[in-house]
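Single-structure report; data block below.
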2 protein chains.
Amino acid sequence: MPLDNPTKTLAVTTADKVFEQIQHAIVEGDILAGSKISEPELAKQYQVSRSTLREALNRLEKCHLIERKPNVGSRVVECSIKGLLELYITREALEGMACRQAAENMTGEEIVDMKAMLSQHSTAQDLQDGVAYYQEKGDLDFHYKVILGSHNAQLINLICGQLYHLVRMYRCQFGMNSPRASRAFSEHARIIEAISDRDGELAELLMRRHIAASRKNIENKIAEQNKLNQ
Amino acid sequence: MPLDNPTKTLAVTTADKVFEQIQHAIVEGDILAGSKISEPELAKQYQVSRSTLREALNRLEKCHLIERKPNVGSRVVECSIKGLLELYITREALEGMACRQAAENMTGEEIVDMKAMLSQHSTAQDLQDGVAYYQEKGDLDFHYKVILGSHNAQLINLICGQLYHLVRMYRCQFGMNSPRASRAFSEHARIIEAISDRDGELAELLMRRHIAASRKNIENKIAEQNKLNQ
DNA sequence: TAACGCATAATTGTCGACAATTATAGTTCA
DNA sequence: TGAACTATAATTGTCGACAATTATGCGTTA
(Lines give C-alpha, C1' and ligand atoms only; values in the text may rest on other atoms or scores of the structure.)
Protein backbone atom coordinates (compact mmCIF):
# COMPACT_ATOMS: atom_id res chain seq x y z
CA MET A 1 0.00 0.00 0.00
CA PRO A 2 1.44 3.40 -0.92
CA LEU A 3 2.79 5.38 1.99
CA ASP A 4 1.30 8.71 1.09
CA ASN A 5 -2.26 7.55 0.53
CA PRO A 6 -3.42 4.23 1.92
CA THR A 7 -6.71 4.19 0.04
CA LYS A 8 -5.62 4.51 -3.54
CA THR A 9 -4.83 1.49 -5.66
CA LEU A 10 -1.78 1.27 -7.87
CA ALA A 11 -1.96 3.63 -10.82
CA VAL A 12 -2.96 1.55 -13.81
CA THR A 13 -3.97 4.08 -16.42
CA THR A 14 -1.71 6.80 -17.75
CA ALA A 15 -4.08 9.47 -16.47
CA ASP A 16 -3.47 8.01 -13.00
CA LYS A 17 0.28 8.28 -13.40
CA VAL A 18 0.08 11.86 -14.63
CA PHE A 19 -2.24 12.66 -11.73
CA GLU A 20 0.28 11.29 -9.24
CA GLN A 21 3.13 13.21 -10.78
CA ILE A 22 1.30 16.52 -10.82
CA GLN A 23 -0.02 15.85 -7.34
CA HIS A 24 3.53 15.45 -6.02
CA ALA A 25 4.63 18.53 -7.90
CA ILE A 26 1.86 20.61 -6.36
CA VAL A 27 2.21 19.26 -2.82
CA GLU A 28 5.94 19.86 -2.80
CA GLY A 29 5.68 23.26 -4.40
CA ASP A 30 7.34 22.45 -7.72
CA ILE A 31 4.20 23.85 -9.27
CA LEU A 32 3.59 27.07 -7.39
CA ALA A 33 0.50 27.49 -5.26
CA GLY A 34 -1.95 29.88 -6.85
CA SER A 35 -0.43 29.58 -10.30
CA LYS A 36 -2.51 29.12 -13.39
CA ILE A 37 -2.47 25.78 -15.15
CA SER A 38 -2.09 25.72 -18.91
CA GLU A 39 -3.55 22.54 -20.34
CA PRO A 40 -1.56 22.55 -23.58
CA GLU A 41 1.66 23.28 -21.73
CA LEU A 42 1.25 20.58 -19.09
CA ALA A 43 0.09 18.08 -21.70
CA LYS A 44 3.29 18.66 -23.65
CA GLN A 45 5.38 18.53 -20.49
CA TYR A 46 4.02 15.14 -19.44
CA GLN A 47 3.84 13.82 -23.01
CA VAL A 48 0.14 13.05 -23.01
CA SER A 49 -2.86 14.34 -24.91
CA ARG A 50 -5.08 17.02 -23.50
CA SER A 51 -7.88 14.55 -22.89
CA THR A 52 -5.65 12.47 -20.65
CA LEU A 53 -4.37 15.54 -18.89
CA ARG A 54 -7.92 16.75 -18.27
CA GLU A 55 -8.76 13.41 -16.73
CA ALA A 56 -5.83 13.93 -14.37
CA LEU A 57 -7.00 17.48 -13.64
CA ASN A 58 -10.39 16.12 -12.66
CA ARG A 59 -8.78 13.98 -9.99
CA LEU A 60 -6.68 16.88 -8.76
CA GLU A 61 -9.89 18.84 -8.42
CA LYS A 62 -11.46 15.98 -6.48
CA CYS A 63 -8.82 16.31 -3.77
CA HIS A 64 -9.04 20.11 -3.79
CA LEU A 65 -5.53 20.70 -5.10
CA ILE A 66 -6.77 22.75 -8.05
CA GLU A 67 -9.86 24.83 -8.75
CA ARG A 68 -11.56 25.09 -12.11
CA LYS A 69 -13.72 27.79 -13.59
CA PRO A 70 -15.73 26.93 -16.70
CA ASN A 71 -14.33 28.45 -19.88
CA VAL A 72 -11.52 30.04 -17.93
CA GLY A 73 -9.24 27.32 -16.64
CA SER A 74 -7.60 25.78 -13.60
CA ARG A 75 -5.50 27.27 -10.84
CA VAL A 76 -3.52 25.58 -8.09
CA VAL A 77 -5.12 26.35 -4.74
CA GLU A 78 -3.64 29.08 -2.57
CA CYS A 79 -2.20 28.26 0.83
CA SER A 80 -3.72 30.88 3.09
CA ILE A 81 -4.04 31.09 6.83
CA LYS A 82 -7.78 31.05 6.42
CA GLY A 83 -7.57 27.90 4.31
CA LEU A 84 -5.33 26.24 6.86
CA LEU A 85 -7.75 27.01 9.65
CA GLU A 86 -10.70 25.72 7.68
CA LEU A 87 -8.84 22.55 6.79
CA TYR A 88 -7.86 21.79 10.36
CA ILE A 89 -11.35 22.47 11.67
CA THR A 90 -12.69 20.02 9.13
CA ARG A 91 -10.02 17.53 10.13
CA GLU A 92 -11.00 17.98 13.76
CA ALA A 93 -14.58 17.06 12.95
CA LEU A 94 -13.85 14.14 10.64
CA GLU A 95 -10.87 12.58 12.40
CA GLY A 96 -12.49 13.04 15.77
CA MET A 97 -15.45 11.01 14.59
CA ALA A 98 -13.16 8.51 12.85
CA CYS A 99 -11.34 8.03 16.14
CA ARG A 100 -14.61 7.43 17.96
CA GLN A 101 -15.57 4.87 15.33
CA ALA A 102 -12.12 3.29 15.57
CA ALA A 103 -12.65 2.76 19.28
CA GLU A 104 -15.88 0.98 18.46
CA ASN A 105 -14.90 -0.95 15.37
CA MET A 106 -11.18 -1.71 15.39
CA THR A 107 -10.27 -5.37 15.60
CA GLY A 108 -7.99 -6.62 18.35
CA GLU A 109 -5.38 -7.36 15.74
CA GLU A 110 -5.47 -3.80 14.44
CA ILE A 111 -5.04 -2.44 17.95
CA VAL A 112 -2.05 -4.68 18.59
CA ASP A 113 -0.56 -3.54 15.31
CA MET A 114 -1.06 0.09 16.23
CA LYS A 115 0.57 -0.34 19.63
CA ALA A 116 3.53 -2.03 17.98
CA MET A 117 3.89 0.89 15.61
CA LEU A 118 3.88 3.32 18.51
CA SER A 119 6.66 1.54 20.40
CA GLN A 120 8.65 1.30 17.21
CA HIS A 121 8.30 5.02 16.71
CA SER A 122 9.39 5.64 20.29
CA THR A 123 12.76 4.09 19.51
CA ALA A 124 13.00 5.64 16.08
CA GLN A 125 12.52 8.98 17.78
CA ASP A 126 15.96 8.69 19.31
CA LEU A 127 17.65 8.33 15.98
CA GLN A 128 19.78 11.26 14.98
CA ASP A 129 19.54 10.69 11.27
CA GLY A 130 16.41 11.86 9.53
CA VAL A 131 14.54 12.59 12.74
CA ALA A 132 12.22 14.99 11.04
CA TYR A 133 11.34 12.50 8.38
CA TYR A 134 10.56 9.76 10.87
CA GLN A 135 8.47 12.07 12.96
CA GLU A 136 6.36 13.25 10.09
CA LYS A 137 6.04 9.77 8.67
CA GLY A 138 5.22 8.44 12.10
CA ASP A 139 2.51 11.02 12.60
CA LEU A 140 0.92 10.23 9.24
CA ASP A 141 1.14 6.49 9.89
CA PHE A 142 -0.64 6.92 13.19
CA HIS A 143 -3.44 9.01 11.77
CA TYR A 144 -3.92 6.71 8.80
CA LYS A 145 -4.17 3.66 11.05
CA VAL A 146 -6.83 5.33 13.19
CA ILE A 147 -8.82 6.45 10.18
CA LEU A 148 -8.71 3.04 8.54
CA GLY A 149 -9.62 1.57 11.91
CA SER A 150 -12.95 3.39 11.81
CA HIS A 151 -14.05 0.86 9.19
CA ASN A 152 -16.19 3.66 7.75
CA ALA A 153 -15.68 3.87 3.99
CA GLN A 154 -17.20 7.35 3.78
CA LEU A 155 -14.88 8.77 6.42
CA ILE A 156 -11.86 6.95 5.02
CA ASN A 157 -12.48 8.25 1.54
CA LEU A 158 -13.09 11.83 2.62
CA ILE A 159 -10.07 12.06 4.89
CA CYS A 160 -7.47 9.94 3.13
CA GLY A 161 -8.69 10.43 -0.41
CA GLN A 162 -9.29 14.15 -0.25
CA LEU A 163 -8.25 16.09 2.83
CA TYR A 164 -4.83 14.60 3.38
CA HIS A 165 -3.43 15.76 0.06
CA LEU A 166 -4.11 19.29 1.22
CA VAL A 167 -2.73 18.57 4.67
CA ARG A 168 0.54 17.40 3.19
CA MET A 169 0.60 20.41 0.91
CA TYR A 170 0.29 22.83 3.82
CA ARG A 171 2.97 20.93 5.74
CA CYS A 172 5.35 21.14 2.82
CA GLN A 173 4.67 24.75 1.91
CA PHE A 174 4.96 26.02 5.48
CA GLY A 175 7.92 23.78 6.27
CA MET A 176 6.20 21.87 9.03
CA ASN A 177 8.41 18.82 8.70
CA SER A 178 9.25 18.38 12.39
CA PRO A 179 6.18 19.21 14.42
CA ARG A 180 5.94 19.02 18.19
CA ALA A 181 7.92 15.84 18.56
CA SER A 182 7.53 14.59 22.06
CA ARG A 183 4.20 16.09 22.95
CA ALA A 184 2.51 14.71 19.86
CA PHE A 185 3.97 11.34 20.72
CA SER A 186 2.42 11.21 24.18
CA GLU A 187 -0.85 12.41 22.75
CA HIS A 188 -0.77 9.51 20.32
CA ALA A 189 -0.17 7.15 23.20
CA ARG A 190 -3.19 8.39 25.11
CA ILE A 191 -5.43 8.14 22.07
CA ILE A 192 -4.37 4.56 21.49
CA GLU A 193 -5.12 3.84 25.11
CA ALA A 194 -8.63 5.22 24.77
CA ILE A 195 -9.21 3.17 21.65
CA SER A 196 -7.87 0.10 23.38
CA ASP A 197 -10.31 0.75 26.23
CA ARG A 198 -13.12 0.99 23.65
CA ASP A 199 -13.88 4.45 25.03
CA GLY A 200 -15.20 6.15 21.90
CA GLU A 201 -16.18 9.38 23.60
CA LEU A 202 -12.76 9.93 25.12
CA ALA A 203 -11.02 8.84 21.92
CA GLU A 204 -12.90 11.48 19.94
CA LEU A 205 -12.22 14.16 22.50
CA LEU A 206 -8.48 13.42 22.60
CA MET A 207 -8.17 13.31 18.83
CA ARG A 208 -9.92 16.63 18.50
CA ARG A 209 -7.60 18.19 21.05
CA HIS A 210 -4.61 16.62 19.33
CA ILE A 211 -5.53 18.15 15.98
CA ALA A 212 -6.44 21.48 17.53
CA ALA A 213 -3.02 21.56 19.21
CA SER A 214 -1.38 20.76 15.90
CA ARG A 215 -3.28 23.62 14.30
CA LYS A 216 -2.22 26.07 16.97
CA ASN A 217 1.36 24.90 16.59
CA ILE A 218 1.32 25.73 12.89
CA GLU A 219 -0.38 29.05 13.54
CA ASN A 220 2.40 29.94 15.96
CA LYS A 221 5.11 28.99 13.48
CA ILE A 222 3.49 31.16 10.86
CA ALA A 223 3.24 34.03 13.33
CA GLU A 224 6.96 33.62 14.04
CA GLN A 225 7.78 33.69 10.36
CA ASN A 226 5.73 36.81 9.92
CA LYS A 227 7.54 38.46 12.84
CA LEU A 228 10.94 37.64 11.32
CA ASN A 229 9.90 39.05 8.00
CA GLN A 230 9.03 42.39 9.49
CA MET B 1 -29.50 30.08 -6.02
CA PRO B 2 -30.74 26.59 -6.87
CA LEU B 3 -32.88 24.96 -4.26
CA ASP B 4 -31.24 21.55 -4.30
CA ASN B 5 -27.66 22.70 -4.00
CA PRO B 6 -26.85 26.18 -2.72
CA THR B 7 -23.16 26.06 -3.63
CA LYS B 8 -23.25 25.30 -7.31
CA THR B 9 -23.40 28.00 -9.92
CA LEU B 10 -25.74 27.89 -12.87
CA ALA B 11 -24.82 25.19 -15.34
CA VAL B 12 -23.00 26.91 -18.17
CA THR B 13 -21.35 24.10 -20.08
CA THR B 14 -23.23 21.19 -21.65
CA ALA B 15 -21.34 18.74 -19.45
CA ASP B 16 -22.83 20.60 -16.49
CA LYS B 17 -26.33 20.22 -17.84
CA VAL B 18 -25.87 16.52 -18.53
CA PHE B 19 -24.44 16.13 -15.04
CA GLU B 20 -27.50 17.74 -13.50
CA GLN B 21 -29.88 15.59 -15.51
CA ILE B 22 -28.15 12.33 -14.65
CA GLN B 23 -27.82 13.45 -11.06
CA HIS B 24 -31.57 13.95 -10.80
CA ALA B 25 -32.18 10.63 -12.52
CA ILE B 26 -29.96 8.80 -10.05
CA VAL B 27 -31.24 10.58 -6.95
CA GLU B 28 -34.85 9.92 -7.86
CA GLY B 29 -34.22 6.36 -8.90
CA ASP B 30 -34.90 6.73 -12.63
CA ILE B 31 -31.49 5.21 -13.09
CA LEU B 32 -31.46 2.25 -10.72
CA ALA B 33 -29.07 2.15 -7.79
CA GLY B 34 -26.32 -0.37 -8.35
CA SER B 35 -26.86 -0.52 -12.10
CA LYS B 36 -23.98 -0.40 -14.54
CA ILE B 37 -23.51 2.70 -16.64
CA SER B 38 -22.88 2.30 -20.34
CA GLU B 39 -21.03 5.30 -21.70
CA PRO B 40 -22.07 4.86 -25.35
CA GLU B 41 -25.69 4.31 -24.34
CA LEU B 42 -25.94 7.31 -22.02
CA ALA B 43 -24.09 9.50 -24.50
CA LYS B 44 -26.65 8.63 -27.17
CA GLN B 45 -29.51 9.12 -24.73
CA TYR B 46 -28.42 12.62 -23.77
CA GLN B 47 -27.29 13.52 -27.29
CA VAL B 48 -23.69 14.31 -26.40
CA SER B 49 -20.33 12.84 -27.24
CA ARG B 50 -18.62 10.39 -24.96
CA SER B 51 -16.03 12.99 -23.92
CA THR B 52 -18.75 15.28 -22.64
CA LEU B 53 -20.50 12.43 -20.92
CA ARG B 54 -17.27 11.36 -19.23
CA GLU B 55 -16.82 14.89 -17.95
CA ALA B 56 -20.29 14.60 -16.41
CA LEU B 57 -19.42 11.18 -14.96
CA ASN B 58 -16.39 12.71 -13.28
CA ARG B 59 -18.63 15.13 -11.44
CA LEU B 60 -21.02 12.37 -10.47
CA GLU B 61 -18.06 10.52 -9.04
CA LYS B 62 -17.03 13.63 -7.13
CA CYS B 63 -20.30 13.59 -5.20
CA HIS B 64 -20.15 9.83 -4.71
CA LEU B 65 -23.18 9.01 -6.83
CA ILE B 66 -21.23 6.63 -9.07
CA GLU B 67 -18.10 4.53 -8.64
CA ARG B 68 -15.57 3.90 -11.37
CA LYS B 69 -13.15 1.07 -11.87
CA PRO B 70 -10.37 1.56 -14.40
CA ASN B 71 -10.87 -0.36 -17.62
CA VAL B 72 -14.15 -1.73 -16.32
CA GLY B 73 -16.63 1.08 -16.04
CA SER B 74 -18.99 2.97 -13.77
CA ARG B 75 -21.80 1.80 -11.51
CA VAL B 76 -24.41 3.77 -9.64
CA VAL B 77 -23.77 3.44 -5.92
CA GLU B 78 -25.84 0.96 -3.92
CA CYS B 79 -28.14 2.17 -1.17
CA SER B 80 -27.31 -0.13 1.71
CA ILE B 81 -28.04 0.11 5.39
CA LYS B 82 -24.32 0.17 6.01
CA GLY B 83 -23.91 3.04 3.56
CA LEU B 84 -26.74 4.95 5.18
CA LEU B 85 -25.18 4.57 8.60
CA GLU B 86 -21.78 5.66 7.37
CA LEU B 87 -23.28 8.66 5.63
CA TYR B 88 -25.18 9.84 8.66
CA ILE B 89 -22.22 9.38 10.95
CA THR B 90 -20.19 11.53 8.61
CA ARG B 91 -22.99 14.07 8.52
CA GLU B 92 -23.04 14.09 12.31
CA ALA B 93 -19.36 14.97 12.41
CA LEU B 94 -19.39 17.58 9.65
CA GLU B 95 -22.70 19.28 10.31
CA GLY B 96 -22.07 19.25 14.02
CA MET B 97 -18.89 21.19 13.46
CA ALA B 98 -20.56 23.42 10.89
CA CYS B 99 -23.20 24.26 13.45
CA ARG B 100 -20.56 25.15 16.01
CA GLN B 101 -18.88 27.38 13.46
CA ALA B 102 -22.22 28.91 12.55
CA ALA B 103 -22.73 29.90 16.17
CA GLU B 104 -19.37 31.63 16.06
CA ASN B 105 -19.43 33.15 12.60
CA MET B 106 -22.98 33.83 11.50
CA THR B 107 -23.86 37.48 10.99
CA GLY B 108 -26.79 39.00 12.83
CA GLU B 109 -28.57 39.38 9.53
CA GLU B 110 -28.19 35.69 8.76
CA ILE B 111 -29.59 34.75 12.14
CA VAL B 112 -32.61 37.01 11.66
CA ASP B 113 -33.16 35.45 8.25
CA MET B 114 -32.99 31.95 9.71
CA LYS B 115 -35.49 32.78 12.44
CA ALA B 116 -37.85 34.20 9.83
CA MET B 117 -37.59 31.01 7.84
CA LEU B 118 -38.42 28.95 10.89
CA SER B 119 -41.56 30.88 11.71
CA GLN B 120 -42.60 30.73 8.09
CA HIS B 121 -42.20 26.97 8.16
CA SER B 122 -44.24 26.76 11.34
CA THR B 123 -47.24 28.17 9.47
CA ALA B 124 -46.56 26.18 6.33
CA GLN B 125 -46.61 23.09 8.49
CA ASP B 126 -50.36 23.50 8.96
CA LEU B 127 -51.05 23.40 5.26
CA GLN B 128 -52.86 20.33 4.09
CA ASP B 129 -51.61 20.43 0.55
CA GLY B 130 -48.14 19.11 -0.10
CA VAL B 131 -47.25 18.85 3.57
CA ALA B 132 -44.56 16.30 2.90
CA TYR B 133 -42.92 18.49 0.30
CA TYR B 134 -42.85 21.53 2.55
CA GLN B 135 -41.46 19.53 5.41
CA GLU B 136 -38.64 18.05 3.40
CA LYS B 137 -37.86 21.35 1.72
CA GLY B 138 -38.02 23.07 5.07
CA ASP B 139 -35.60 20.63 6.60
CA LEU B 140 -33.14 21.04 3.74
CA ASP B 141 -33.45 24.83 3.84
CA PHE B 142 -32.66 24.82 7.54
CA HIS B 143 -29.62 22.62 7.22
CA TYR B 144 -28.29 24.56 4.24
CA LYS B 145 -28.61 27.85 6.10
CA VAL B 146 -26.69 26.49 9.06
CA ILE B 147 -23.95 25.06 6.87
CA LEU B 148 -23.55 28.25 4.87
CA GLY B 149 -23.58 30.13 8.17
CA SER B 150 -20.39 28.36 9.21
CA HIS B 151 -18.55 30.58 6.69
CA ASN B 152 -16.15 27.68 6.25
CA ALA B 153 -15.61 26.99 2.56
CA GLN B 154 -14.15 23.55 3.21
CA LEU B 155 -17.13 22.41 5.25
CA ILE B 156 -19.62 23.99 2.87
CA ASN B 157 -18.09 22.28 -0.11
CA LEU B 158 -17.86 18.88 1.52
CA ILE B 159 -21.39 18.87 2.87
CA CYS B 160 -23.38 20.71 0.21
CA GLY B 161 -21.23 19.82 -2.77
CA GLN B 162 -20.76 16.15 -1.99
CA LEU B 163 -22.64 14.57 0.90
CA TYR B 164 -26.06 16.08 0.30
CA HIS B 165 -26.53 14.50 -3.09
CA LEU B 166 -26.24 11.15 -1.38
CA VAL B 167 -28.49 12.25 1.45
CA ARG B 168 -31.22 13.19 -0.99
CA MET B 169 -30.72 9.90 -2.82
CA TYR B 170 -31.24 7.88 0.33
CA ARG B 171 -34.31 9.95 1.20
CA CYS B 172 -35.83 9.35 -2.21
CA GLN B 173 -34.97 5.67 -2.45
CA PHE B 174 -36.26 4.83 1.01
CA GLY B 175 -39.28 7.09 0.67
CA MET B 176 -38.36 9.38 3.55
CA ASN B 177 -40.34 12.32 2.27
CA SER B 178 -42.15 13.16 5.48
CA PRO B 179 -39.79 12.63 8.35
CA ARG B 180 -40.57 13.29 11.98
CA ALA B 181 -42.52 16.44 11.37
CA SER B 182 -43.11 18.13 14.68
CA ARG B 183 -40.17 16.80 16.62
CA ALA B 184 -37.65 17.84 13.97
CA PHE B 185 -39.25 21.26 13.97
CA SER B 186 -38.74 21.84 17.67
CA GLU B 187 -35.19 20.54 17.36
CA HIS B 188 -34.54 23.12 14.67
CA ALA B 189 -35.90 25.80 16.98
CA ARG B 190 -33.53 24.86 19.79
CA ILE B 191 -30.53 24.76 17.48
CA ILE B 192 -31.32 28.23 16.19
CA GLU B 193 -31.61 29.41 19.76
CA ALA B 194 -28.16 28.05 20.58
CA ILE B 195 -26.70 29.71 17.51
CA SER B 196 -28.41 32.95 18.41
CA ASP B 197 -26.87 32.70 21.89
CA ARG B 198 -23.45 32.18 20.24
CA ASP B 199 -23.17 28.94 22.19
CA GLY B 200 -21.07 26.90 19.78
CA GLU B 201 -20.63 23.93 22.06
CA LEU B 202 -24.37 23.50 22.62
CA ALA B 203 -25.15 24.16 18.97
CA GLU B 204 -22.82 21.34 17.92
CA LEU B 205 -24.24 18.97 20.50
CA LEU B 206 -27.84 19.65 19.48
CA MET B 207 -27.10 19.30 15.79
CA ARG B 208 -25.38 15.98 16.35
CA ARG B 209 -28.34 14.71 18.33
CA HIS B 210 -30.70 16.01 15.67
CA ILE B 211 -28.92 14.09 12.93
CA ALA B 212 -28.53 10.99 15.06
CA ALA B 213 -32.30 11.05 15.73
CA SER B 214 -32.93 11.41 12.03
CA ARG B 215 -30.70 8.41 11.37
CA LYS B 216 -32.53 6.29 13.92
CA ASN B 217 -35.83 7.33 12.41
CA ILE B 218 -34.77 6.07 9.01
CA GLU B 219 -33.38 2.87 10.51
CA ASN B 220 -36.73 2.24 12.16
CA LYS B 221 -38.63 2.82 8.93
CA ILE B 222 -36.38 0.37 7.14
CA ALA B 223 -36.87 -2.17 9.91
CA GLU B 224 -40.65 -1.73 9.51
CA GLN B 225 -40.41 -2.26 5.79
CA ASN B 226 -38.37 -5.40 6.31
CA LYS B 227 -40.96 -6.69 8.80
CA LEU B 228 -43.77 -6.13 6.31
CA ASN B 229 -41.88 -7.93 3.60
CA GLN B 230 -41.51 -11.04 5.69
C1' DT C 1 -21.55 -32.48 -18.40
C1' DA C 2 -18.47 -29.15 -16.80
C1' DA C 3 -14.45 -26.61 -17.31
C1' DC C 4 -10.93 -24.57 -19.91
C1' DG C 5 -9.24 -21.82 -23.88
C1' DC C 6 -9.68 -19.12 -27.90
C1' DA C 7 -11.81 -15.85 -31.07
C1' DT C 8 -14.99 -12.31 -31.43
C1' DA C 9 -17.59 -8.41 -29.79
C1' DA C 10 -18.17 -4.65 -26.82
C1' DT C 11 -16.41 -1.21 -23.69
C1' DT C 12 -13.07 1.93 -21.87
C1' DG C 13 -8.84 4.82 -22.47
C1' DT C 14 -6.34 7.90 -25.41
C1' DC C 15 -5.59 10.82 -29.28
C1' DG C 16 -5.82 14.81 -32.52
C1' DA C 17 -8.91 18.27 -34.65
C1' DC C 18 -12.61 21.59 -34.69
C1' DA C 19 -15.92 24.86 -32.36
C1' DA C 20 -16.93 28.16 -28.82
C1' DT C 21 -15.46 31.13 -25.45
C1' DT C 22 -12.19 34.17 -23.27
C1' DA C 23 -7.95 36.89 -23.01
C1' DT C 24 -4.89 40.21 -25.45
C1' DA C 25 -3.27 43.90 -28.10
C1' DG C 26 -3.99 47.52 -31.10
C1' DT C 27 -6.80 51.29 -32.73
C1' DT C 28 -10.03 54.82 -32.58
C1' DC C 29 -12.52 58.42 -30.51
C1' DA C 30 -13.93 61.61 -26.80
C1' DT D 1 -4.36 60.70 -22.13
C1' DG D 2 -7.59 57.31 -21.19
C1' DA D 3 -11.43 54.56 -22.06
C1' DA D 4 -14.05 51.78 -25.09
C1' DC D 5 -14.36 48.98 -29.13
C1' DT D 6 -12.46 45.60 -32.54
C1' DA D 7 -9.76 42.11 -34.40
C1' DT D 8 -6.59 38.72 -33.41
C1' DA D 9 -4.60 35.09 -30.67
C1' DA D 10 -4.86 31.74 -27.23
C1' DT D 11 -7.40 28.67 -24.29
C1' DT D 12 -11.13 25.72 -23.07
C1' DG D 13 -15.07 22.68 -24.44
C1' DT D 14 -16.73 19.22 -27.56
C1' DC D 15 -16.48 15.86 -31.11
C1' DG D 16 -15.45 11.50 -33.64
C1' DA D 17 -11.96 7.85 -34.41
C1' DC D 18 -8.46 4.59 -33.05
C1' DA D 19 -5.95 1.64 -29.55
C1' DA D 20 -5.98 -1.17 -25.48
C1' DT D 21 -8.41 -3.73 -22.30
C1' DT D 22 -12.24 -6.46 -20.75
C1' DA D 23 -16.45 -9.15 -21.38
C1' DT D 24 -18.99 -12.72 -24.15
C1' DG D 25 -19.99 -16.90 -26.59
C1' DC D 26 -18.62 -20.83 -28.91
C1' DG D 27 -15.99 -24.98 -29.48
C1' DT D 28 -12.96 -28.28 -27.62
C1' DT D 29 -11.48 -31.54 -24.23
C1' DA D 30 -11.16 -34.20 -19.94
Side-chain angles (χ1 to χ4, degrees), chain A residues 2 7-23 25-26 31-78 161, chain B residues 2 5 7-26 31-78 161:
Chain A
T7 60
K8 96 184 144 199
T9 109
L10 256 47
V12 43
T13 179
T14 62
D16 278 321
K17 293 169 196 162
V18 173
F19 161 70
E20 288 186 6
Q21 293 181 59
I22 302 182
Q23 180 202 336
I26 290 179
I31 299 179
L32 288 175
S35 63
K36 182 164 181 351
I37 284 183
S38 161
E39 292 184 5
E41 189 183 318
L42 269 194
K44 204 174 82 180
Q45 191 170 334
Y46 288 95
Q47 311 259 29
V48 293
S49 82
R50 254 186 69 226
S51 314
T52 305
L53 180 89
R54 279 166 69 89
E55 182 71 33
L57 291 185
N58 267 315
R59 289 173 216 191
L60 290 168
E61 193 188 12
K62 265 205 320 194
C63 49
H64 307 153
L65 289 177
I66 69 171
E67 287 166 350
R68 297 175 74 185
K69 283 184 188 171
N71 283 320
V72 173
S74 312
R75 304 196 80 89
V76 180
V77 295
E78 299 267 10
Chain B
N5 184 351
T7 60
K8 94 183 147 200
T9 110
L10 257 46
V12 42
T13 179
T14 62
D16 278 321
K17 293 168 195 161
V18 174
F19 161 70
E20 286 186 7
Q21 293 182 57
I22 302 182
Q23 179 203 336
H24 270 93
I26 290 178
I31 299 178
L32 288 175
S35 63
K36 182 163 181 351
I37 284 182
S38 161
E39 292 183 6
E41 189 184 319
L42 268 194
K44 203 174 82 179
Q45 191 170 335
Y46 288 96
Q47 311 259 30
V48 293
S49 82
R50 256 186 67 226
S51 313
T52 305
L53 180 89
R54 280 166 69 88
E55 182 71 33
L57 291 186
N58 267 315
R59 288 172 217 192
L60 290 168
E61 193 189 10
K62 265 204 321 195
C63 47
H64 306 154
L65 289 178
I66 70 172
E67 287 166 348
R68 297 175 75 186
K69 283 184 188 172
N71 283 319
V72 173
S74 312
R75 303 195 82 88
V76 180
V77 294
E78 298 267 10

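Residue numbering restarts at 1 for every chain, and letters A, B, ... go by the order of the sequence lines. Remember, predicted model here, so these are calculated numbers, not experimental data.
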Atom CD of A:Glu41 to atom C1' of D:dA10: distance rounded to whole Å? 13 Å

Nearest to side-chain heavy atoms of A:Asn71, which nucleotide of C:dT12, C:dT21, D:dT11: C:dT21

Gap between atom NZ of B:Lys62 and atom CG of B:Asn58 - 0.5 Å precision: 8.5 Å

Please state how far atom CG in A:Leu42 lies from atom P in D:dT11, giving the value in whole angstrom units. 12 Å

For B:Lys69 and D:dT21, what is the distance between atoms NZ and P respectively, to the nearest whole Å? 19 Å

Rounded to whole Å, please give me the gap between NZ in B:Lys44 and P in D:dC15. 16 Å

For the backbone of B:Pro40 and the side chain of B:Arg50, can you confirm whether one donor and one acceptor N or O come within less than 3.5 Å of each other? no

A:Arg54: which residues meet the side-chain hydrogen bond (donor to acceptor under 3.5 Å, both in side chains) condition with it, sequence neighbours left out? A:Glu39

Check every atom of C:dT11, C:dT22, C:dG13 against the side chain of B:Glu39 and return the nucleotide holding the closest atom. C:dG13

In numerical order, the residues of residues 46-67 of chain A whose heavy atoms come under 4.0 Å of DNA chain D are A:Arg50, A:Arg54

For a 4.5 angstrom cut-off between non-hydrogen side-chain atoms, does A:Asn71 reach B:Thr13? no

Distance in Å, A:Leu65 CG paired with A:Ile22 CD1, rounded so as to fall on 0.5 Å steps: 10.5 Å

Take the protein atom NZ of B:Lys17 and the nucleotide atom C1' of D:dG13, then report the distance between them rounded to whole Å. 12 Å

For a quick test of reading the model: is some side-chain N or O of A:Lys36 closer than 4.0 Å to OP1 or OP2 of D:dT12? yes

Could you check how far CZ of B:Arg68 sits from P of C:dT12, rounded to whole Å? 9 Å

With a sphere of 6.0 Å drawn around NZ of A:Lys36, does it hold more than 12 non-hydrogen atoms of other residues, nucleotides or ligands? yes

